[in-house]
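Reminder, nothing fancy here: chain letters follow the sequence lines and each chain counts from 1. All values below come from the heavy atoms of this structure, side chains included, with hydrogens, waters and symmetry mates left out.
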Amino acid sequence: GQNIDQPTEMTATEGAIVQINCTYQTSGFNGLFWYQQHAGEAPTFLSYNVLDGLEEKGRFSSFLSRSKGYSYLLLKELQMKDSASYLCAVRDGDYKLSFGAGTTVTVRA
Amino acid sequence: ETGVTQTPRHLVMGMTNKKSLKCEQHLGHNAMYWYKQSAKKPLELMFVYSLEERVENNSVPSRFSPECPNSSHLFLHLHTLQPEDSALYLCASSQVLDNEQFFGPGTRLTVL
C-alpha cells in the first residue's frame, strides 16, 4: 500500500517561517502535490513537484527529493490566514492521488 | 457559479434513508472524482469518472452508488448507510485524468 507521513500539528508565530515535512513510500511516483484546506472548505492547490529541487511561489515554496522519498512545504512571513490544514499527496500512477492525513498549522499573533 | 459546487453542504440521515449528493463543475473538465474525508484520516479516493465512464471503483461498499450523467455533473447515491460512513464527502474535477484536481467544498454527512 501507499504510506505518506506528515506531522499532525504545528504552531508558529505570525511573521515566522514554518516547514512542513512529508515522507512517502509509494508503489510509483508521478508527482507530489501540496494542498491547503481551511476548516469547512475545499482543499486548494498550492504546489506541484515532479523533479528534484525547490519550486517557489510567493511566500510558499515546495521541495522534493525523489531518492529520499521526501518533500517539504515552506511557508514564509506567516499570516493569520495561513492557519489551515496542509495536505501532502503523491500521484503514484496515471492519476490516483494518495494523501497524507494533513498537518494542521496554527498561526498565533 | 464558478469552480466546483456541491449540494447539499450538510446532510443528516438515518440508516434507512436514501439520499443523493450532487456535484457540478463549471470548468469544462473531463474527469470527476469522489473522495471521503474522515476526521484525522487521509482523503480516500472512492470513484473516478473520465468522459462519463467510470475508471475507478476503489473497493467502495455497494451502499454508495455513483452516477455521472454528463461531464459536468456527478452524483453519489446513498442508501442504508452506517454511522461510520459519517464524513466529509469531497468532489473534485480535472481537465484530464493526470491534471491538477480542483475540489468542491464538500458535503458534511452525518448518519444517525
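For chain A, the nearby parts of B:L43 are the backbone and the side chain; heavy atoms of each come within less than 4.5 Å. There is no contact between B:F102 and chain A, counting heavy-atom distances below 4.5 Å. For chain B, the nearby part of A:F33 is the side chain; its heavy atoms alone come within less than 4.5 Å. If you measure heavy-atom distances from B:V96 to chain A, you find no contacts under 4.5 Å at all. Proximity to chain A is limited to the side chain of B:L90, based on heavy atoms less than 4.5 angstrom apart.
Nearest heavy atom pair, residue A:N21 against residue A:Y72, reads OD1-CB, 3.4 Å.
B:N30 and B:S71 are not linked by any side-chain donor-acceptor pair at a separation below 3.5 angstrom, with hydrogens and angles left out of the test. Between the side chains of A:Q6 and A:T103, at least one donor N or O sits under 3.5 Å from an acceptor N or O. Looking at B:E56 and A:Y95, their side chains do bring a donor and an acceptor atom within 3.5 Å of each other.
Residue B:F47 is tested with B:S65, B:C68, B:P66, B:C91 for a side-chain contact (heavy atoms from CB on, under 4.5 Å); the sole match is B:P66.
A:Y24 places none of its side-chain heavy atoms less than 4.5 Å from the side chain of A:D5.
Contact count versus chain B (heavy atoms, under 4.5 Å) is highest, among A:L97, A:L87, A:I4, for A:L97. Comparing B:R9, B:K40, B:Q101, B:E44 by heavy-atom pairs within less than 4.5 Å of chain A, the highest count is held by B:Q101.
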